[in-house]
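All remarks here apply to the structure that follows.
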Amino acid sequence: METLETVDAPRGDTTREWEVFCRETESEPLTHVGSVSAPTAAVARDQAATLFGHATAALWLCPAEETVRVQERDLGVSETAAAEPDDGESAPTMDADRMTDETLRGEAE
Amino acid sequence: MISVSKLLTGLDAEGDGLRYDAADESTKRQIRDRKQRRPVVVWNVTKQCNLYCDHCYAAADTGIADGELSTAEGKALLDDLADYGAPVVLFSGGEPLVREDLEELVGYAADAGIRPVLSTNGTLLTPERARSLRDAGLAYAGVSVDGLPERNDDFRGVEGAFEGAVQGIENSLDAGLKTGLRYTITERNAADLEGVVDVLTDVGVDRFCFYHLDYGGRGTEIVDADLSPADRREAVTQVCDMTRAYHDRGEEIETLLVGNYADAAYLVEYAREHMGEAQARRVYEYLRVNGGDPTGERVADIDYQGNVHLTQFWQGYSLGNVRDRSFGAIWDDESNPLLGALRNREAHLSGRCADCRYAEVCRGASRLRALTVENDPFAPDPQCYLTDEEVTGSRPFDGVASD
């Protein structure tokens with residue numbers, strides 16, 4: 001790895017996200033196997049056990065917002081954003097008023 | 001996705017190359033070669049929506065969610081998908097038209113060689129947006145309607161949503177876009193199904209996708225409103241009968257069933273009863289090539305924050321995030337025991353799915369419904385509506401399989 005960046009974008013919105021790590025047998029390392037959405041650690045544990053219990057000797061869970069992700073990959077943001085300076089940071093979406101105003105309801109136009 | 005019109009009336013359609021490896025026999029433009037083996041990718045470009053539908057798998061609402069992929073990130077993602085060979089990207093939401101850069105992303109996908117298609121509620125599909133999407137290269141717009149006006153508006157939480165969607169459909173058709181219906185069948189709206197098809201056929205729609213309710217997002221809150229197995233069987237029979245009736249009148253409509261591969265088995269049974277053994281055998285062979293439920297294999301989902309899901313409906317579990325790894329690296333990583341098991345699910349399915357004679361054309365149907373209702377991703381789909389007699393015994397057409 002030559003350049004490491006911290007990825008601080010959120011992984012969940014209304015429900016907490018929990019990173020799941022699985023060890024298939026006692027002699028194997030823990031492997032990241034994705035994440036589950038759950039309001040509490042207990043629910044997250046149950047969900048992970050349901051999905052991975054058939055194939056695992058150990059499960060570890062960690063709140064996604066407490067997980068620091070440091071890596072090379074940046075989904076091309078640095079390159080593309082440099083070429084398109086107005087384009088790099090957030091998704092351009094309608095605000096609520098405009099969304100309501102522009103909604104078709106079958107009235108004569 | 002099962003094309004009833006292809007299987008029962010022989011109607012040619014652009015998706016046949018993907019669905020049945022039938023590109024060579026088609027007169028329509030088809031997706032071929034490596035791309036046939038890659039998943040169709042649903043990208044929920046936003047969680048924001050101007051409606052509030054009871055069954056929304058993405059649990060969308062009017063607020064803007066944190067962390068939506070930016071335009072630049074979206075383009076980088078599309079580059080990833082093109083490199084991987086994804087044949088189709090389905091822009092979905094939330095309501096994708098609330099993104100002001102939608103045309104830019106659609107155009108970028110088209111230029112990268114990915115077929116861009118759209119899933120929308122139609123109520124933001126103004127004449128201007130329809131034309132700009134057409135100019136950007138959009139290949140298809142699927143508009144969701146879930147009943148005749150009163151029922152649809154009740155489902156979608158906004159009065160006038162039905163009329164708005166029909167207006168959007170007309171705008172889309174006027175712009176020259178291929179446009180179709182998406183209809184999620186539940187107990188609440190099954191009675192409206194044919195009425196909606198009649199209304200929209202008059203408007204000029206000729207493609208109708210009927211979805212079974214899957215139990216994700218707000219869909220988990222209305223499981224009680226789902227069809228009973230008997231009513232589901234009746235609704236699917238209605239789709240089959242209607243497709244053949246239109247065909248017999250010389251009015252070709254494309255009809256598809258999505259979200260419950262018990263339909264594959266039922267279509268074989270239907271063909272045998274109404275069209276004879278030879279047609280049933282042909283239907284079975286197409287469906288065998290189709291390969292059954294596509295979860296974790298032929299369909300993938302990327303949500304508005306870049307999380308990769310096994311299907312668009314299964315938002316509660318993510319395989320990984322495209323901000324961390326490329327889509328291809330995530331999708332090909334079968335060290336993930338769940339992904340590996342889903343792709344080898346014949347070894348894991350339990351109950352009557354384990355010995356079902358239609359296993360190779362169904363593959364257990366929805367794993368998400370099994371998980372939601374039975375708390376077991378390999379239990380039988382609770383919405384299998386086949387009788388014990390139909391699922392018991394040896395494969396229906398031994399010797400058909402060519403592999």
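Each chain gets a letter, A, B and so on, in the order the sequences are listed, and its residues count up from 1. All heavy atoms count here, side chains included; hydrogens, waters and symmetry mates do not.
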Practice task
Please examine the side chains of B/P337 and A/T56, heavy atoms only from C-beta on, and report whether any two atoms are closer than 4.5 Å.
Solution key: no
Practice task
Any pair with a residue in residues 153-174 of chain B that passes ring-ring contact (aromatic ring centres under 6.0 Å, His included), sequence neighbours left out, goes on the list, sorted by first then second residue, please.
Solution key: B/H55-B/F155
Practice task
With sequence neighbours excluded, tell me which residues meet salt bridge (charged side-chain N to carboxylate O under 4.0 Å, His left out) with B/E103.
Solution key: B/R129
Problem - Which atoms of B/E159 approach chain A - backbone, side chain, both or neither, heavy atom under 4.5 Å - result: backbone
Problem - Close side-chain approach of B/I64 and A/D95, heavy atoms under 4.5 Å - result: no
Practice task
Step through the shown structure and confirm whether more than 12 heavy atoms of other residues, nucleotides or ligands are within 6.0 Å of CD on A/E26.
Solution key: no
Exercise for the section: For residues A/R105 and B/E163, determine if any side-chain heavy atom of one lies less than 4.5 Å from a side-chain heavy atom of the other. Expected result: no
Completion exercise
When rounded to the nearest 0.5 Å, the distance separating OG of A/S35 from CG of B/L319 is 9.0 Å
Exercise for the section: Measure from the side-chain N and O atoms of B/N50 to the backbone N and O of A/T103, and report whether any donor-acceptor pair falls under 3.5 Å. Expected result: no
Practice task
Answer yes when B/D324 and A/R69 have at least one side-chain N-carboxylate O distance shorter than 4.0 Å, and no when they do not.
Solution key: yes
Fill in the blank from the handout: In this structure, CZ of B/F378 is separated from CG of A/L51 (nearest 0.5 Å) by 9.0 Å
Fill in the blank from the handout: If one checks every heavy atom of B/V98 against chain A at 4.5 Å, the contacting part turns out to be both
Handout entry: 4.5 Å side-chain heavy-atom contact, A/V20 and B/Y317
Key = no
Problem - Contact summary for A/E24 and B/S335, nearest pair of heavy atoms - result: OE2-O, 3.7 Å
Exercise for the section: Counting only heavy atoms closer than 4.5 Å, note whether A/T100 contacts chain B via side chain, backbone, both or neither. Expected result: neither
Practice task
Check whether B/D80 gets within reach of chain A through its side chain, its backbone, both or neither, counting any heavy atom under 4.5 Å.
Solution key: side chain
Problem - Donor-acceptor under 3.5 Å (B/R325 side chain, A/R73 main chain) - result: no
Problem - Side chain / backbone / both / neither for B/Q48 at chain A, heavy atoms under 4.5 Å - result: side chain
Practice task
Find out whether A/E17 and B/S318 are in side-chain contact, i.e. whether some heavy atom of one side chain is under 4.5 Å from a heavy atom of the other.
Solution key: yes
Practice task
Between chain A and each of B/D376, B/L125, B/V322, count heavy-atom pairs under 4.5 Å; write down the option with the most.
Solution key: B/V322
Exercise for the section: Carefully, step by step, assess A/L75 and B/L69 under the rule side-chain contact (heavy atoms from CB on, under 4.5 Å). Expected result: CA-CA 10 Å; A/L75 196 58; B/L69 296 179; 4.1 Å; yes
Practice task
Side chain from CB out, backbone as N, CA, C, O: work out which of these in B/L371 comes under 4.5 Å of a heavy atom of chain A, or both, or neither.
Solution key: side chain
Exercise for the section: Give the member of B/S326, B/A161, B/G74, B/G340 that has the highest number of heavy-atom pairs under 4.5 Å with chain A. Expected result: B/S326
Practice task
Heavy-atom distances under 4.5 Å only: say whether B/Q315 touches chain A with side chain, backbone, both or neither.
Solution key: backbone
Exercise for the section: Against chain A, label B/V158 side chain, backbone, both or neither, depending on which of its atoms sit under 4.5 Å from a heavy atom there. Expected result: side chain
